[in-house]
> 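The following block contains the structure, expressed as structure tokens.
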2 protein chains.
Amino acid sequence: MSSYQASGYWYSEGDSVPEAVDLLNLMRRYREAERRMRAATRGSMGMNETDMSALRFLLAAHREGVTPRQRDFAEELGISNASVSVLIDRLCRDGYAERVVHPADRRSVGIVPTDYSDTEVRGTLHRMHEQMMDAVGTLSEDERVAVAKFLEAMIRSVEIDDEPRQPSAGKGAVRESALPSR
Amino acid sequence: MSSYQASGYWYSEGDSVPEAVDLLNLMRRYREAERRMRAATRGSMGMNETDMSALRFLLAAHREGVTPRQRDFAEELGISNASVSVLIDRLCRDGYAERVVHPADRRSVGIVPTDYSDTEVRGTLHRMHEQMMDAVGTLSEDERVAVAKFLEAMIRSVEIDDEPRQPSAGKGAVRESALPSR
DNA sequence: GCTAATAGTTAGCCTGTCTAAATATATTCT
DNA sequence: AGAATATATTTAGACAGGCTAACTATTAGC
């Protein structure tokens, strides 16, 4: 039972079906692989985790035509305004972003990505995203339904964790803003 | 196409099938939820990320009857021996671990978890793990095969990312150990 | 028994976070 | 309009956790 297959392809062999624990192991392996991949990207760009997240957020916002303020970064990243101020200093110093006057509020600083940062990130994370889309594209409808069911279950498992009983309470999910930041 | 359903259950509605982008969104949601959950656990125990990973590693090793040395922590966590030394100081100070003389090598210090740390972690991460096992247990064989196929594809997407062409070139891959640590 | 290798500790530095206080601009009330 | 208050950012100072380099204790090789 639950034979561990380092890089097996269950679906095409036909004889051994993955068990629950195998799926959880795959989830863990994915998490590790993704973490390594992000670390490599980050490393190759000489950035830390937070700055990388900030840059991704900035690029996403920019693609939607929005010019975020520093305040928005603080909320998105869960760090203080003061820390964001220094973070944006770093992004500007390294040529990834620029401060502009915010059109609607002169108290605020609008942040825009440079062309350089866009191409830099596209070369890595964007390519990964496309590869994932291609990979998932080969699944049948039934398979996609199964995967969705699985992921929903996983999300529920880690979300309701605080209140295992009392299904009708409807609350008890760990809320981001309520976390003790230290 | 690709209707975003915040918390929909595709499989039981019957009419709308999740598309590739929906699955990737689910993956992202899961990652976020898990990150929040771990952050909450960590916060409730007053620990930082690295110390938490160290404690999980220690408990896993202990359950298998192994007494790891500080050296093993350095390798597992990817931090320096010096940092591990201080890390173990913290774990001991807060009552999660104890230093013992290593039976086979008197240069080494064996690390063992306290009973306290085991129960403390069991109350959170262990419960999550059980919930996940239960959830996955409801999937059919076909569904498990589909999920395995999906996860394998995801892993490949983020793993090969560095070298899409020229499998024999052997160059250009960012190797984990070669990362500039800053 | 020397010498080299290995495990851990300590000291000093650097980065990234925080809070508190300062500054500039917006908004609201009278 | 003018005052009071609220909001956005910056700066200063402190702290935590990572690093390297130098040091001690033990083990292994010759």
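Each chain gets a letter, A, B and so on, in the order its sequence line appears, and its residues count up from 1. Computed from heavy atoms alone, side chains included, the values below leave out hydrogens, waters and symmetry copies. As the structure is a computational prediction, the values presented were derived from the model and not from experiment.
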> Within the pair B:Asn48 and D:dG17, is there a side-chain N or O less than 4.0 Å away from OP1 or OP2?
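Yes, B:Asn48 has a side-chain N/O under 4.0 Å of OP1/OP2 on D:dG17.
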> Nearest 0.5 Å, please: how far is CE in A:Met133 from CG in B:Leu24?
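Answer rounded to 0.5 Å: 6.0 Å.
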> Can you measure B:Asp89 atom CG to D:dG17 atom P for me and round it to whole angstrom units?
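Value for this atom pair: 12 Å.
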> Name the closest nucleotide to the A:Ile79 side chain, picking from D:dT9, C:dC18, C:dT10.
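Nearest to the side-chain atoms of A:Ile79, counting from C-beta on, is C:dC18.
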> Would you indicate which nucleotide in D:dT20, C:dT19, C:dT17 comes nearest to any side-chain atom of A:Ser83?
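So the side chain of A:Ser83 is nearest to C:dT17.
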> Determine, for nucleotides 23-30 of chain D in 5'-to-3' order, which nucleotides have protein heavy atoms under 4.0 Å from the base (write B), from only the sugar-phosphate (write S), or from neither (write -).
---BS---
> What integer distance in Å separates A:Glu75:CD from D:dT7:C1'?
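In whole Å, D:dT7 C1' lies 14 Å from A:Glu75 CD.
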> State whether B:Ser85 places a side-chain N or O below 4.0 Å from either non-bridging phosphate oxygen (OP1 or OP2) of C:dT9.
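Affirmative; the distance criterion is met.
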> Indicate yes or no: does B:Arg71 engage B:Asp105 in a salt bridge with an N to O separation below 4.0 Å.
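Judged by the 4.0 Å cut-off on N to carboxylate O distance, B:Arg71 and B:Asp105 do not form a salt bridge.
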> Does the side chain of B:Arg71 get closer than 4.0 angstrom to OP1 or OP2 of C:dG8 through an N or O atom?
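No.
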> Can you tell me how far CZ of B:Phe150 sits from CE of A:Met132, rounded to the nearest 0.5 angstrom?
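With rounding to 0.5 Å, CE (A:Met132) is 7.0 Å from CZ (B:Phe150).
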> Nearest-Å distance, CG (B:Asn81) to P (C:dT9)?
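My rounded result for the distance is 10 Å.
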> Side-chain atoms of residues 77-85 of chain A: list all donor-acceptor pairs with protein atoms under 3.5 Å, sequence neighbours left out, distances to 0.1 Å.
from, atom 1, to, atom 2, distance (Å)
A:Ser80, OG, A:Ser83, N, 3.2
A:Ser80, OG, A:Ser83, OG, 3.0

> What is the distance, to the nearest angstrom, from the CE atom on A:Met52 to the C1' atom on C:dG16?
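After rounding, the reported distance stands at 18 Å.
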> Taking the six-membered ring for Trp, are B:Tyr116 and B:Tyr96 parallel (under 30°), tilted (30 to 60°) or perpendicular (over 60°)?
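Ring orientation, 0 to 90° scale: parallel.
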> Determine whether a donor-acceptor pair (N or O, by modelled atom type, separation under 3.5 Å) exists between the side chain of A:Thr114 and the backbone of A:Gly95.
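Looks like yes, one N/O pair under 3.5 Å.
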> Whole angstrom is fine here: how far is it from CZ in B:Phe73 over to C1' in D:dG17?
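Atom-to-atom, B:Phe73 to D:dG17, this comes out as 17 Å.
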> Does C:dT17 have OP1 or OP2 under 4.0 Å away from a side-chain N or O of A:Thr50?
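It does, given that an N or O in the side chain of A:Thr50 lies less than 4.0 Å from OP1 or OP2 of C:dT17.
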> Take atom CZ of B:Arg99 as the centre, draw a 6.0 Å sphere, and report whether it contains more than 12 heavy atoms from other residues, nucleotides or ligands.
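Count over threshold, so yes.
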> What's the spacing between A:Leu151 CG and B:Arg31 CZ if we round to 0.5 Å?
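Here the interatomic distance stands at 11.5 Å.
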> What is the bend of the helix from C:dG1-D:dC30 to C:dT30-D:dA1 when you compare the axis at one end with the axis at the other, using five pairs each and rounding to 10°?
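Rounded to the nearest 10 degrees, the bend comes out at 20°.
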> Do the charged groups of A:Glu143 and B:Lys149 touch, with an N to O distance under 4.0 Å?
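Between B:Lys149 and A:Glu143 there is a salt bridge, with a charged N closer than 4.0 Å to a carboxylate O.
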> In whole Å, I'd like the distance from the CG atom of B:Leu87 to the P atom of D:dG18.
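Rounded to whole Å, this separation is 6 Å.
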> Taking CD1 from A:Ile88 and P from C:dG16, how many angstroms apart are they, rounded to a whole number?
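Distance, rounded to whole Å: 14 Å.
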> If you only use heavy atoms from C-beta on, which nucleotide in C:dA11, D:dG17, D:dT11 is closest to the side chain of B:Ala82?
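The answer is C:dA11, which lies nearest to the side chain.
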> Reckon A:Ser108 touches a base, only the sugar-phosphate, or nothing at all at heavy-atom distances under 4.0 Å?
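Sugar-phosphate, backbone atoms only, no base.
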> Tell me the interatomic distance from A:Glu49, atom CD, to C:dT15, atom C1', rounded to whole angstroms.
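Answer to the nearest Å: 15 Å.
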> Which atom names give the shortest non-hydrogen contact between B:Leu58 and B:Ala97, and what distance separates them?
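Here B:Leu58 and B:Ala97 meet closest at CD2-CB, 3.8 Å.
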